[in-house]
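This report refers to the structure that appears directly beneath it.
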Amino acid sequence: MSSNYLQELGTKLSQARKKSGLSTRELANISHTNQSTISRIENGQRIKSTETIKKIITALPISTEETEHLISETLKAYATRTKERRIDAGFSLKPDAVRRLERSASSVAGFQSAVIPRLLRTGNYAKAARTRDLGVSGVLDDETRSFRFVVSEGALRTWPGDGSVMLAQLDYVAAVSERPNVWVGVVPWSARLDVVPPHGFTVYGDEAVSVETFTAEVTITDPDDVAAYRDAFASVEQAAVSGEEARELIATVRADFARLLGQSN
């Protein structure tokens, strides 16, 4: 019942919000949560904490009876977990798992604070950074899929090797950000972060999270863990600038690299 129950809960919350005449943005402001979190809940996706859902419910201008009913439904939905789980349901080191997810997940959301996200790396950058896999190409071309990336300004300013690959790499990130199915956000060094992830990660829908370590790629599939990473992504996403503002920041970083390398823009 777990996934269906979450879908039912999402539908009920959506109906209550619309009945109250509130948009997801308005409800996010009132409940002091993220608009993306509300959208995920209404779409039947699991989030990390029921306390967040309770905050959203109590912010709705509905009767006490309706509030108590929705909170009760929330607790039921989150108490229901699949009893039969694979041995590797929570943690996997299978080398092909990430490649399969990259090619199949309808939505991909990645955050990096020290390097360029894997799907945004040029071949020369990957080679200079000595990453294990240089063959990431064509994944972003499928416009039926959604890709969202958040990268810190520090990651844009950290260069592998002698830095000569960075001009082309930054140009590529800026160009990709204009694709209709790709959203790129940059967290400026001056931005305040409510959540500071200790490492980079990529979330594949509600299915899994991958974490790229120095020696391996770890795949996490426990629903609560995936939800926690989605919450973390929503937090860093909120702190990021995007669109033209992000491209202007990328251009500033590029100009700094050009000066360091003794090249003209």
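Along the sequence shown, residues carry numbers from 1.
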For the residue pair [X] and [Y], what are the closest heavy atoms and their distance?
X    : Y    : value
I30  : A59  : CG2-CB, 3.7 Å
A239 : P188 : O-CD, 3.9 Å
V236 : V187 : O-CG2, 3.8 Å
L261 : G163 : CD1-O, 3.7 Å
I71  : I57  : N-CD1, 3.9 Å
M166 : L156 : CE-O, 3.4 Å

Name the one of E42, E73, E66 that satisfies salt bridge (charged side-chain N to carboxylate O under 4.0 Å, His left out) with K12?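 Answer to the salt bridge (charged side-chain N to carboxylate O under 4.0 Å, His left out) test with K12 among E42, E73, E66: E73.
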Set out, in order, the CA-CA distance, both residues' side-chain angles and the distance that settles side chain to side chain contact (heavy atoms under 4.5 Å, CB included) for L101 and T219, then state yes or no. CA-CA 10 Å; L101 290 164; T219 306; 4.1 Å; yes
Could you check whether [X] pairs with [Y] (Lys NZ or Arg NE/NH1/NH2 to Asp/Glu carboxylate O, under 4.0 Å)?
X    : Y    : value
E212 : R121 : yes
E207 : R100 : yes
D231 : R40  : yes
E217 : R99  : yes
D256 : R254 : no
R179 : D141 : yes

Tell me whether [X] contacts the main-chain N or O of [Y] through its side chain, where contact means a donor paired with an acceptor under 3.5 Å.
X    : Y    : result
N34  : Q238 : no
Y229 : S210 : no
S152 : S113 : yes
D225 : I220 : no
E245 : S242 : no
R17  : L22  : yes
S39  : Q35  : yes
S14  : G10  : no
T37  : T33  : no

Taking the side chain as C-beta and beyond, is there a heavy-atom pair between [X] and [Y] under 4.5 Å?
X    : Y    : answer
V218 : T213 : yes
Y78  : L9   : yes
I62  : L70  : yes
R46  : D224 : yes
R247 : S177 : yes
E102 : L119 : yes
V182 : F149 : yes
E143 : P180 : yes

Rounded to the nearest 0.5 Å, what's the gap from [atom1] on [X] to [atom2] on [Y]? Could you check?
X    : Y    : atom1 : atom2 : value
I47  : D206 : CD1   : CG    : 11.5 Å
L13  : T24  : CG    : OG1   : 13.0 Å
I53  : T58  : CD1   : OG1   : 11.5 Å
S146 : W183 : OG    : CH2   : 10.5 Å
I116 : Q112 : CD1   : CD    : 9.0 Å
R157 : W189 : CZ    : CH2   : 10.0 Å

Is a donor from one side chain sitting under 3.5 angstrom from an acceptor on the other, for T122 and N124?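 Short answer, no.
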Before you tell me yes or no, could you show the steps for Q45 and L6 under side chain to side chain contact (heavy atoms under 4.5 Å, CB included), namely the whole-Å CA-CA distance, both residues' side-chain angles and the distance that decides it to 0.1 Å? CA-CA 7 Å; Q45 298 172 352; L6 289 172; over 6 Å; no
Are [Y] and [X] co-members of a hydrophobic cluster defined by side-chain heavy atoms under 4.5 Å apart?
X    : Y    : result
L75  : I56  : yes
L193 : F201 : yes
V139 : V176 : yes

Go through the steps for V173 and V151 under the test side chain to side chain contact (heavy atoms under 4.5 Å, CB included), then give the verdict. CA-CA 10 Å; V173 173; V151 61; 5.6 Å; no
According to ring-ring contact (aromatic ring centres under 6.0 Å, His included), does anything in residues 23-76 pair up with another residue at least two apart or in another chain? List the pairs.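 Sorted result for residues 23-76: empty, none.
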Steps toward side chain to side chain contact (heavy atoms under 4.5 Å, CB included) verdict (L120, F147): CA-CA 10 Å; L120 295 182; F147 298 89; over 6 Å; no
Look at the aromatic rings of W159 and F257 and report parallel, tilted or perpendicular, splitting at 30° and 60°.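 Aromatic pair W159/F257 classed perpendicular.
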When you measure from the centre of the six-membered ring of F233, is the NZ or CZ of R148 closer than 6.0 Å and no more than 45° off the axis?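 Output no; distance or angle outside limits.
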